[in-house]
Amino acid sequence: QVQLVESGGGLVQPGGSLRLSCAASGSIFWLNVMAWYRQAPGKERELVADITSGGSRNYANTVKGRFTISGDFVKNTMYLQMNSLKPEDTAVYYCSARSYSPVSNYWGQGIQVTVSS
């Protein structure tokens, strides 16, 4: 089966940086989109950033200018560089990937990011 595993989370002080990684393994034909989502306690899951196999990137307004998404669609790996972190960035971050032929949607189990002094 296809599995996505996140790594690189943890505790950081406001203004600090973290780099999240996502590695996909298993039988994958082609990924069209890879994305990072996050969910804070008591809040709905939200899209943080995504990247297409064509190289287009999209960011939530709350992280634009601070976060950078990158992906390797050959190795099926993805990264999220997070700079100038704020307490409101505290959440569980989820790696996701989608293929359109065949239609498939994959999710990691999430990794905790805590920004606190």
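What you are looking at is a predicted structure, and each value in this text was computed from that prediction instead of being measured. Residue numbers count from 1 along this sequence.
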Between [Y] and [X], is there a side-chain heavy-atom distance shorter than 4.5 Å?
{"X": "Met82", "Y": "Arg66", "answer": "no"}
{"X": "Glu6", "Y": "Tyr93", "answer": "no"}
{"X": "Trp36", "Y": "Val63", "answer": "no"}
{"X": "Val5", "Y": "Gln3", "answer": "yes"}
{"X": "Thr52", "Y": "Phe73", "answer": "no"}
{"X": "Pro14", "Y": "Pro87", "answer": "yes"}
{"X": "Leu18", "Y": "Leu80", "answer": "no"}
{"X": "Val113", "Y": "Arg38", "answer": "no"}

Under 6.0 Å from the ring centre and within 45 degrees of the ring axis: does the NZ or CZ of Arg19 meet both conditions for the six-membered ring of Tyr79?
yes

OG/Ser56 to CD1/Ile51 distance, rounded to the nearest 0.5 angstrom?
8.5 Å

Rounded distance (nearest 0.5 Å) linking atom CG of Leu11 with atom OG of Ser117:
9.5 Å

Are Met78 and Ser21 close enough, and set up right, to give a side-chain contact (heavy atoms from CB on, under 4.5 Å), and what steps lead you there?
CA-CA 6 Å; Met78 179 175 58; Ser21 299; over 6 Å; no

May I ask you to list the residues sharing a hydrophobic cluster with Trp30, side-chain cutoff 4.5 Å, ordered by chain and number?
none

Side-chain donor/acceptor of [X] to backbone N/O of [Y], under 3.5 Å:
{"X": "Gln81", "Y": "Phe67", "answer": "no"}
{"X": "Ser96", "Y": "Tyr106", "answer": "no"}
{"X": "Tyr100", "Y": "Leu31", "answer": "no"}

Relative to each other, are the rings of Trp107 and Tyr37 parallel, tilted or perpendicular (30° and 60° limits)?
tilted

Is [X] linked to [Y] within one hydrophobic cluster, defined over Ile, Leu, Val, Met, Phe, Trp and Tyr using a side-chain heavy-atom separation of less than 4.5 Å?
{"X": "Leu4", "Y": "Ile69", "result": "yes"}
{"X": "Tyr59", "Y": "Val48", "result": "yes"}
{"X": "Leu85", "Y": "Leu20", "result": "yes"}
{"X": "Val2", "Y": "Met34", "result": "yes"}

Does atom CD (Gln39) have a neighbourhood of more than 12 heavy atoms from anything else shown, all under 6.0 Å?
yes

Cut-off 3.5 Å, side chains only: do Asn32 and Ser53 have a donor facing an acceptor?
no

Any chance the side chains of Thr114 and Gln112 put a donor and an acceptor closer than 3.5 Å?
yes

